[in-house]
Every structure is written in C-alpha cells, then in structure tokens.
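To start, the structure itself, in structure tokens.
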2 protein chains.
Amino acid sequence: MSKNCNFIEKLREVGLRPTKQRVKMCEVLYNREKTFHFTINDLVKLLSEKMNEKISLATVYNTVHAFEKKGYLKEISIDSHKSYFDTNTSAHHHFFDEDTHELIDCDESDIEKINIRKNITGKKINSVEVLVRVASDNQTHK
Amino acid sequence: MSKNCNFIEKLREVGLRPTKQRVKMCEVLYNREKTFHFTINDLVKLLSEKMNEKISLATVYNTVHAFEKKGYLKEISIDSHKSYFDTNTSAHHHFFDEDTHELIDCDESDIEKINIRKNITGKKINSVEVLVRVASDNQTHK
DNA sequence: TCAATAGTTTAGAATTATTATAATGTAGAT
DNA sequence: ATCTACATTATAATAATTCTAAACTATTGA
Ligand SMILES: [Mn+2]
Ligand SMILES: [Mn+2]
Ligand SMILES: [Zn+2]
Ligand SMILES: [Zn+2]
C-alpha cells in the first residue's frame, strides 16, 4: 500500500470491503514517509488517540491479520514476548535498539550481500534476514 | 555446559544447587552431540518421557529461566507464537525449516562474514544474527 | 428503491502461555 | 540431628490472543 490516499481502491483490489475502520487503520499505518513497525498495543493506542470512535480490540486484531494475509503487513519476531508488525512486507534487514525496543529498517546498501555456503538438500531458501542488535554506547569506559 | 556428565559441579560453579530436577534437566539438555533447540513444550514432553517422576511445569519454567540467566541457555525469536531456547548461547546464525518448524545451527563457515555499512550514532552493535528460512523444494514444477 | 445476503463489528467469553504466590519440602552446612 | 536458605509444587493470577455469537452494514441486484 503506497503513500497516496486511495485506500478505498487498494482495499477493494484485494477483496477487502473498505469499511470506515479499515480505511482509518490504513491512514494510520500507511500515511507516513517511512515504514512503520508496531505492536498491536502501539496501534490500538494510536488509533484511539487519532479517532473519535474507538475501534474494538477484536477488530484491530482481525484487521491486522487480514492485512497480513493480503500481504499488506508482515509479522516480525524479535522479542518472543512481543509481536511486531511491519508495513514493509519485503524481506529486509533490521536494527533493533535494545534500549528503546525500536526496530529500524535497513536498505539494500546498509548490509553487504549475504553469502550462504550451506545448503540443505530438498529445501530451498525462502528468505535471508539479518538482525543487528544495538544498544547505548555510553558505558563508563574503564 | 559441555558434554561430560559433571553437571553437579557445573551447577555449583554458577551458584545453582544441583538438585535432582536440575541435574535431570541438564542431562536431557546437554547430554547430546549437537546443540539443542526446543520449546518449553518440547522440554516438558521429553522430561516426562525420560523420567519416572514428573517435574512440575513451574519448575521447568523456573529452571529454564535460571539457566538462561546463568548463561546456559539462550532464548531465540523465530516465530512470535512460540518461544525457542537454544543450548548454544553464542551469537550464531540459524536455518529455520518452515515445514517442520525446526531450527538448525550454522557454524562459522556456513555464512560468510556480514559486512555492515550502516552505523547508528551513540549505539554499539551487540550481535549480528542471520535467519535463513527454508522450505520443501518439491513443488510441482510447471 | 429496498430487501437479501455476505461479510463485518462488537463485547465478552474462552483459551493459551507465562508468571506470581505461598505453603511445603529438602539439600547442604554445621 | 538440626538449621536454614533455597527449591518445588499446586494453584491462582495475568496477559496476549483467539473464539463466539449476536447485532450491524455495505454491496448486490431484483
Ligand atoms: Mn521468556
Ligand atoms: Mn500473530
Ligand atoms: Zn522492517
Ligand atoms: Zn542455535
């Protein structure tokens, strides 16, 4: 889903009816410059801030999963105690800030091509993703 | 924790009392050739198969987390709906078989050195890990 | 235009994974 | 043998997610 506001069309294209709630969720998720990484909690908070009527939790879950199934969102596993979703659905690499628990996308040029020498017979590679964990550098250097 | 059976000593070394349950869990986890990747459920099943007396679920959780804190286990996030633990506690890469939901360790030579060009000011890199998702190759080739 | 219908929303219940609690048990020390 | 710190246990509590079933609504097409 791109930056333009034709969410009604976009939703219809994949067979999702463009209801008020879905369009509002699209606006919150996709009307932004950068890709957006969020937890369900983040999203519920954002939605309730930016809307008069609240969207029920069940609808948020249903819609997030509908978007995921249609390829508009991707689930990312970083911290087994939290589910992250990503508006960037391509296979890509991440930095994860262990202080703020924030995810940051890498683009192609940030990490050199990964060369894999191992191969598992009968299996094909679906994706190769790198996770770089970073944290604050301001230790008291001895 | 290594291959030898001195689990009593090993446990004492880090200040964990070598109780019957802990020693049994060590045997199940560390008496094996390869590193072991498991979910809490896997472990509970294994323990109940290989023991006369059952270990309570609370003890399994407590002990896994104690081992994690002491650096004997590492938690791995692959699938946000499941917690994996790993007896290989070093930073290392994985293949994940999406058919069987099995994790496979890579060793140094399997993946060439990762070169990272991006750098985030004020942050240092704690780890760089690659996840390669694989799946069965036997499609009906058109 | 308007009823039919397929799909959507909702609150709340149910389920699952995990963590907390508090009483009881026990390993290791003396 | 006794003491004490720590471990174990059953159970309760919590949190995240999914299910359910009833009410609602957007779209279709008569
Ligand atoms: Mn955990
Ligand atoms: Mn999910
Ligand atoms: Zn991303
Ligand atoms: Zn591993």
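Letters go in sequence order (proteins before strands), and every chain restarts at 1.
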In whole Å, I'd like the distance from the [atom1] atom of [X] to the [atom2] atom of [N].
| X | N | atom1 | atom2 | result |
| --- | --- | --- | --- | --- |
| Tyr61(B) | dT19(C) | OH | P | 7 Å |
| Lys54(A) | dA11(C) | NZ | P | 12 Å |
| Glu68(A) | dT17(D) | CD | C1' | 13 Å |
| Lys69(A) | dT8(C) | NZ | P | 11 Å |
| Leu57(A) | dT17(D) | CG | P | 9 Å |
| Ile55(A) | dT8(C) | CD1 | P | 14 Å |
| Leu47(B) | dT8(D) | CG | C1' | 14 Å |
| Lys24(B) | dA7(D) | NZ | P | 20 Å |

Identify, with sequence neighbours excluded, every residue that meets side-chain hydrogen bond (donor to acceptor under 3.5 Å, both in side chains) alongside [X].
| X | answer |
| --- | --- |
| Thr39(A) | Asp42(A) |
| Asp105(B) | Thr35(B), His37(B), Asn88(B), His92(B), His94(B) |
| Ser56(B) | Thr59(B) |

Ionic contact status for [Y] with [X], cut-off 4.0 Å:
| X | Y | result |
| --- | --- | --- |
| Asp110(B) | Lys118(A) | yes |
| Lys24(B) | Glu49(B) | no |
| Lys123(B) | Asp99(A) | yes |
| Arg117(B) | Glu112(A) | yes |

#### Entry: 5′-ward residue of the pair Asn62(A)/Asn41(A) relative to DNA chain D
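Looking at DNA chain D, the more 5' nearest nucleotide goes with Asn41(A).
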### Query
For dT26(C), does OP1 or OP2 lie under 4.0 Å from any side-chain N or O of Gln21(B)?
no
### Task
Verify the contact: side-chain N or O of Ser56(A) to OP1 or OP2 of dT10(C), cut-off strictly under 4.0 Å; return yes or no.
yes
#### Entry: Check: Tyr72(A) main-chain N/O paired with Tyr30(A) side-chain donor or acceptor under 3.5 Å
yes
### Query
Any donor and acceptor pair, going by atom type alone, linking the side chain of Asp97(A) with main-chain N or O of Thr100(A) inside 3.5 Å?
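Yes; at least one donor-acceptor contact below 3.5 Å.
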### Query
For DNA chain C, what residues of residues 75-86 of chain B have any heavy atom nearer than 4.0 Å?
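Ser83(B) - these, ordered by number, are the residues of the stretch whose heavy atoms sit under 4.0 Å from the strand.
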List the atom pairs, with distances to 0.1 Å, where a side-chain N or O of residues 12-23 of chain B and a protein N or O form a donor-acceptor pair under 3.5 Å, not counting sequence neighbours.
unit_1   : atom_1 : unit_2   : atom_2 : d
Thr19(B) : OG1    : Arg22(B) : N      : 3.4
Lys20(B) : NZ     : Glu53(B) : OE1    : 3.0
Arg22(B) : NH1    : Arg17(B) : O      : 3.1

Nearest-neighbour nucleotide for the [X] side chain, [options] considered:
| X | options | answer |
| --- | --- | --- |
| Leu16(B) | dA16(D), dA7(D), dT9(D) | dA7(D) |
| His65(A) | dT18(D), dT9(D), dA17(C) | dT18(D) |
| Ala58(B) | dT11(D), dT10(C), dA16(D) | dT11(D) |
| Arg22(B) | dT8(D), dA7(D), dA16(D) | dA7(D) |

#### Entry: Contact state string [nucleotides 21-30 of chain D, B base, S sugar-phosphate only, - no protein heavy atom under 4.0 Å]
----BBS---
